[in-house]
Amino acid sequence: MVKADLVIRGGTIVDGQGGDPFEADIAIVDGRIARIGVDVGRGREEIDARGLLVTPGFVDVHTHYDGQVTWTDSLVPSTDHGVTTVVIGNCGVGFAPCRPEDREALVNVMEGVEDIPEAVMAKGLPWNWESFPDYLKSLEARAWDADVGAYIPHSPLRVYAMGQRGLDREPATAADVARMAQLVAEGMAAGALGFATSRSLVHRRGDGAFIPSFQADSDELVAIARSVGDAGRGVLQMIPNLDTADWASDLDLMKRMTSTSGRPLTYSLAQWSTDPQGWRRTMDALAEHNRSGAAPVLAQVFPRPMGAMCGLSTSANAFSHCASYRAIADRPLAEKVAIMRDPAFRARLIAEEPDETPTPLHRLLRTWDNIYPLGAEPDYEPSPDQSIAALAGQRGVSPVELVYDLMLEQDGHALILMPFSNYAERSLNPALAMMRDPYSIVGLGDGGAHYGIICDASYPTTMLAYWTRDRAGEQLTIPAAVKALSADNADFLGLRDRGRLKPGLKADINLIDHGALHLHAPHVVHDLPGGGRRLAQQATGYRATMVSGVITRRDGADTGARPGRLIRAA
């Protein structure tokens, strides 16, 4: 028996396929799982995994590390939470293909849609590519702490094929559509995982205009989907307008795209307070199509509220539109805290009304019955009596006074959770129903985006700690949670070499102390190009994470190993 490079000894195997856990050893040779059993031989290195869960590495299908993969080798926060494969290019935004004269325009698109500061991109992006195959070639020269796969994004594709007309959202001509289809074929041949687009009303450029893909003609998208299908592999990803009058037409478009291409499609689905049952109508409306044997249209759902982190160190809070706060907003945190602790300033700002027309997000920041202190160990399913409105009533103060004082706690580092989806009923039961639907996958973590206000890439830890152990209500089993994070997403992408613990597959593996698994509160760090700000979030309980058999995280600490590579779909 050949001596293994590494043997994981005596762990509880949760193999990603949904079956019962079992105790066994795992032998790893040349980055692959060689053997699983009770007599796998000795290893050059051995890890005692008794009492630990041994799971596949997690596959995150929805990230925005398109820029981050070009300027750093660490894909945090995702890789702090057991993720070993990420997919970029989601929502149809990205940086390739791109001519030099269009770089500023694509930066403007990404700044608006994904809240990545222009200064960060200007400092970090090397722009050593033009075509999408060039972009993949530039990534192939790099290494990270996770593998990276990429979708072809619609907005850059449209601008590359149509120039200014594409940026201005003019209708594509037959020649334009043919050119886009050709570029997609070239991207698929180069190894793209598929194609992504957005039709969302809320996806705007940094200058406020709609992004190039918004309201693109359905025939344009069907032709592009056909080009993906002609490759014989790949998937489609879309952000539709499901909470608008476009609901029926977008559902029909998704069905046309899958029927024409023969390739599966995933779309973003959430519960919104404006229509708490809309998610169910959408899934019901697609059920017949999904049962027909056609390529499926799969909801992509998030396992907790999508929520903004609000405070003095983030991009927004309840006072962001008040003149007195804007006057100090850009000052160093300690200086800002000192000013806000002055009783005269406190009285003035508390009495002040927002003097600008707030964005939809900023309007929600004063919805006092659905805003909650986050806490040192975040509670993502807080009860109504924990809302700012309820706590203020209990303490005999106004909500605006309470939120002011809470933000000053922890020397101004305290954060407040403002759920904006999946929490219309003040419960995660709808999210549970979405996750359990056979035509859904788990995603929408948005790692690499919304740096200053959202930190949802930590959701794998929520799945394993909260949904399988801590939730007072109905829970998920550990095998079901692991399957959703690994095999289900790998299978959707067509990545058959990962997502399960089986001999012959990649040794992307997590060792987890389930009882010790805890999620810490997000905090602000300044480690982006040019000193840019982002939210980070760690967890305890991950004993080791490995990519291709190489340990990248040990007891939550980065080992410095970078075995992650570009995935070129074959």
Side-chain angles (χ1 to χ4, degrees), residues 1-59 79-85 145-146 460-461 463-470 475-490 497-519 539-559 561 563:
M1 185 178 292
V2 177
K3 195 170 189 178
D5 299 321
L6 175 66
V7 170
I8 300 169
R9 200 64 83 180
T12 301
I13 310 296
V14 186
D15 63 11
Q17 301 181 96
D20 291 337
F22 59 94
E23 289 188 9
D25 301 338
I26 297 180
I28 297 168
V29 177
D30 293 333
R32 300 260 168 182
I33 297 170
R35 295 176 296 280
I36 300 177
V38 295
D39 185 19
V40 301
R42 307 301 301 175
R44 295 182 179 87
E45 180 183 355
E46 299 203 358
I47 298 176
D48 183 357
R50 287 174 295 180
L52 303 180
L53 300 181
V54 183
T55 78
F58 304 143
V59 179
T79 50
D80 282 328
H81 301 275
V83 171
T84 55
T85 301
D145 53 0
T461 302
M463 287 284 285
L464 284 173
Y466 186 71
W467 279 107
T468 71
R469 188 192 66 199
D470 296 339
Q475 298 182 353
L476 295 171
T477 66
I478 292 174
V482 170
K483 181 173 181 286
L485 292 169
S486 54
D488 287 352
N489 285 347
D497 64 342
R498 68 198 68 205
R500 291 174 171 81
L501 299 181
K502 291 178 62 177
L505 300 191
K506 269 180 102 264
D508 294 352
I509 297 173
N510 287 312
L511 275 59
I512 301 170
D513 184 343
H514 187 246
L517 191 63
H518 292 282
L519 188 61
T540 53
Y542 290 98
R543 297 305 180 208
T545 295
M546 56 192 73
V547 176
S548 297
V550 177
I551 298 174
T552 58
R553 291 284 191 285
R554 196 188 293 271
D555 291 324
D558 186 347
T559 66

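All values reported here derive from a predicted model rather than from experimental measurement.
D497 has no carboxylate O lying under 4.0 Å from a charged side-chain N of K506, or vice versa, which leaves the two without a salt bridge. A salt bridge does not link D15 with K502: every distance from a Lys NZ or Arg NE/NH1/NH2 to an Asp or Glu carboxylate oxygen is 4.0 Å or more. Salt bridge annotation for D25-R9: present, with a cationic side-chain nitrogen under 4.0 angstrom from a carboxylate oxygen.
Remark: D513 CG to H518 NE2 distance equals 9.0 Å, nearest 0.5 Å. For the atom pair CG (L53) and OG1 (T12), the distance works out to 6.0 Å, reported to the nearest 0.5 Å. Atom CD of Q17 and atom CG of D488 lie 11.0 Å apart (nearest 0.5 Å). Remark: T55 OG1 to I512 CD1 distance equals 4.0 Å, nearest 0.5 Å. Considering CG of L511 and CD1 of I8, their distance stands at 5.0 Å, rounded to 0.5 Å. Taken from CG in L501 to CD1 in I509, the straight-line distance is 5.5 Å, to the nearest 0.5 Å.
Between the side chain of R498 and the backbone N or O of V59 there is no donor-acceptor pair closer than 3.5 Å. The backbone N or O of S548 sits less than 3.5 Å from a side-chain atom of D508, completing a donor-acceptor pair. Not one N or O on the side chain of E45 forms a donor-acceptor pair closer than 3.5 Å with the backbone of D5.
Put simply, the residue from N510, D145, T559 that forms a side-chain contact (heavy atoms from CB on, under 4.5 Å) with T545 is N510.
Contact annotation: the side chain of D20 never approaches that of P479 to less than 4.5 Å [non-hydrogen atoms, C-beta and beyond]. The side-chain heavy atoms of I551 and I47, taken from C-beta on, include a pair separated by under 4.5 Å. A heavy-atom distance below 4.5 Å is found between the side chains of L485 and L464. Between H81 and L519 the shortest side-chain heavy-atom distance falls below 4.5 Å.
The nearest pair of heavy atoms linking L505 to R500 is CD1-O, 3.6 Å. Taking both residues in full, the closest heavy atoms of P56 and G499 are given as CG-O, 3.5 Å, listed atom of the first, atom of the second, then distance. Nearest heavy atoms, A146 versus V83: CB-O, 4.1 Å. Minimum interatomic distance between A4 and R35 (heavy atoms only, all atoms of both residues): CB-NH2, 4.2 Å. The two residues G16 and A487 come nearest to each other via the heavy atoms O-CB, 3.1 Å. Between E46 and G41, the shortest heavy-atom contact is OE2-O, 4.4 Å.
Counting heavy-atom neighbours within 6.0 Å of R32 CZ, excluding the residue itself, gives a total above 12. When the shell of 6.0 Å around CZ of R44 is examined, it contains more than 12 heavy atoms from other residues, nucleotides or ligands.
Side-chain contact check for H514 and T468: at least one donor-acceptor pair (N or O, by modelled atom type) lies under 3.5 Å.
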field: Derivation of the side-chain contact (heavy atoms from CB on, under 4.5 Å) call for T461 and Y466
entry: CA-CA 8 Å; T461 302; Y466 186 71; over 6 Å; no
query: Can you list the steps and then say if V547 with T79 is a side-chain contact (heavy atoms from CB on, under 4.5 Å)?
result: CA-CA 11 Å; V547 176; T79 50; over 6 Å; no
- request: Could you walk me through whether D558 and R553 pass the side-chain contact (heavy atoms from CB on, under 4.5 Å) test, one step at a time?
  value: CA-CA 5 Å; D558 186 347; R553 291 284 191 285; 3.6 Å; yes
task: Begin from the C-alpha positions of I28 and M546 and carry the test side-chain contact (heavy atoms from CB on, under 4.5 Å) through to its verdict.
output: CA-CA 11 Å; I28 297 168; M546 56 192 73; 3.8 Å; yes
